[in-house]
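The structure appears right after this line, and notes come after that.
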Amino acid sequence: MKILFSPTSPYVRKCLVTGLELGLNERIALLPSQAHPIQRDCAIIAHNPLGKVPTFFTDDGQVLYDSRVICEYLNDLAGGGLFPAPGPARWAALTLQALGDGMLDAALLARYEDAARPEPLRWEDWKTAQLDKIETALAALDAAPGQLTGAAGRADIGSIAVGCALWYLDLRFADLGWRDRYRQVGAWYAGYGQRPAMQARWSL
């Protein structure tokens, strides 16, 4: 199996963390890519018309995207338990995944405002609104930390998504100081972030 890779993509990381949790990491080869929101990579578009990573190639030649599809495929392939069986636990895990992915979407849009948009065209109110989505998500998690599975030793697709979102905040928005304001989330991540899959680093 292969995945188009970017070392700073939180969605690529989400797939690789999932693969590592499932014992599949050694079977996934990393392929270089140059994904960019403006300067689109034609090599990616040839396989994924959205021109985005992660883009994943199965052993039988099927192409999968985005991270939600790839992670569910990996879980199915491994016979894993990262996606609970149909019922309340599954909907809770999928909703938590949506929250983590939404935090990442907002963080990426805020990042692009500085890194991709020319300075004269930057819209500070837009960036502030995106970062506020992250604040309200963190506040909701902090108010009900049981959403994060209640224990650092347990993983599902929801906790992986939130964990990768927090990793990306530390990478790109270290000045947010989110731990000071959301202590329950910070306490959870202090334990969860020590999981081998969360500590792992990938490079070409």
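Owing to the predicted nature of the structure, the values given are computational and were not obtained by experimental measurement.
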Stepwise side chain to side chain contact (heavy atoms under 4.5 Å, CB included) check, I134 with F173: CA-CA 11 Å; I134 296 167; F173 298 96; 5.6 Å; no
Answer whether the closest heavy-atom distance between the side chains of Y73 and L64 falls below 4.5 Å.
yes
Kindly say whether the aromatic ring centers of Y182 and W178 come within a distance under 6.0 Å.
no
Discussion item. Apply side chain to side chain contact (heavy atoms under 4.5 Å, CB included) to residues F5 and V53 and explain how you reach the verdict.
Written reply: CA-CA 7 Å; F5 175 75; V53 295; over 6 Å; no
Sorted by chain and residue number, the side chain to side chain contact (heavy atoms under 4.5 Å, CB included) partners of E124 (sequence neighbours excluded) come out as K127, T128
| message | Counting C-beta onward and ignoring hydrogens, is there a side-chain heavy-atom pair between V17 and C164 closer than 4.5 Å? | response | yes
Quiz item: Would you find a donor on one side and an acceptor on the other, under 3.5 Å apart, between the side chain of D156 and the backbone of A93?
Solution: no
Nearest heavy-atom contact between L82 and E21 is CD1-CB, 4.2 Å
Quick one, C71 and F83 - any side-chain contact, counting heavy atoms below 4.5 Å? yes
S6 and S33 have their tightest heavy-atom pair at N-OG, 4.3 Å
Could you list the donor-acceptor pairs under 3.5 angstrom formed between side-chain atoms of residues 196-204 and any protein atom two or more places apart in sequence or on another chain?
| from | atom 1 | to | atom 2 | distance (Å) |
| --- | --- | --- | --- | --- |
| Q199 | NE2 | G193 | O | 2.8 |
| R201 | NH1 | Q199 | O | 3.0 |
| W202 | NE1 | N25 | OD1 | 3.2 |

Tightest non-hydrogen contact, residues P54 and N48, listed as O-ND2, 4.5 Å
### Heavy-atom side-chain proximity of W188 to P145 below 4.5 angstrom
no
Residues at least two apart in sequence or cross-chain that pass side chain to side chain donor-acceptor pair (under 3.5 Å) with D101, listed by chain then number, are K14
Next on the checklist: With a 3.5 Å distance limit and no angle check, can you tell me whether D132 reaches the backbone of E135 through a side-chain donor-acceptor pair?
Outcome noted: no
- Task: Give the cluster check for W126 versus L108: same hydrophobic cluster or not, with ILVMFWY residues linked at side-chain heavy-atom distances below 4.5 Å.
- Result: no
dist K2:NZ -> T55:OG1 (nearest 0.5 Å) comes out at 14.0 Å
Taken to the nearest 0.5 Å, the spacing of R117 CZ from I38 CD1 works out to 7.5 Å
Shortest non-hydrogen pair, A107 vs L169, comes out as CB-CD2, 4.3 Å
Worksheet item: Should I160 and W91 be regarded as members of a common hydrophobic cluster, given that ILVMFWY residues are connected when their side-chain heavy atoms come within less than 4.5 Å of each other, either directly or indirectly?
Response: yes
Heavy-atom nearest pair, A165 first then G100, reads CB-O, 3.7 Å
- Evaluate the salt bridge (charged side-chain N to carboxylate O under 4.0 Å, His left out) criterion for residues K133 and D105: first the C-alpha distance (whole Å), next the side-chain angles of each, then the deciding distance (0.1 Å), finally the verdict. CA-CA 10 Å; K133 294 178 186 178; D105 288 344; over 6 Å; no
Residue set satisfying side chain to side chain contact (heavy atoms under 4.5 Å, CB included) with I28, at least two apart, ordered chain then number -> M1, I3, L16, F56, L74
So CG of L141 and CD of Q147: to nearest 0.5 Å the spacing works out to 5.0 Å
### Message
Looking only at the side chains, is there a donor atom on one of Y192 and S159 sitting less than 3.5 Å from an acceptor on the other?
### Response
yes
One should read off an interatomic distance between L109 CG and E113 CD, to the nearest 0.5 angstrom, of 8.5 Å
ask   = Is there a donor-acceptor pair closer than 3.5 Å between any side-chain N or O of R40 and the backbone N or O of L50?
value = yes
dist L166:CG -> L138:CG (nearest 0.5 Å) comes out at 6.5 Å
For Y65, the ring pair (Phe, Tyr, Trp, His ring centres under 6.0 Å) test, sequence neighbours excluded, returns none
Taken to the nearest 0.5 Å, the spacing of K52 NZ from I45 CD1 works out to 12.0 Å
Cation-pi between R13 and W167: NZ/CZ under 6.0 Å from ring centre and within 45° of the ring axis? yes
R179 side chain to G186 backbone, donor-acceptor under 3.5 Å: no
Exercise. Do the non-hydrogen side-chain atoms of R27 and D59 ever get within less than 4.5 Å of each other?
Worked result: yes
Run the side chain to side chain contact (heavy atoms under 4.5 Å, CB included) check on Q130 and R111 step by step: do they pass? CA-CA 10 Å; Q130 300 310 316; R111 165 72 178 167; over 6 Å; no
Sorted by chain and number, sequence neighbours left out, ring pair (Phe, Tyr, Trp, His ring centres under 6.0 Å) with H47 holds for F57
Note to self: Any donor-acceptor pair under 3.5 Å linking the side-chain atoms of Y189 with those of D170?
What the structure shows: no
Practice prompt. Decide yes or no for T18 and I157: does some side-chain heavy atom of the first lie under 4.5 Å from some side-chain heavy atom of the second?
Written response: yes
Looking only at heavy atoms, the pair that brings L99 and A137 closest together is CD1-CB, 3.7 Å
Worksheet item: Does R68 reach the side chain of Q97, with side-chain heavy atoms less than 4.5 Å apart?
Response: yes
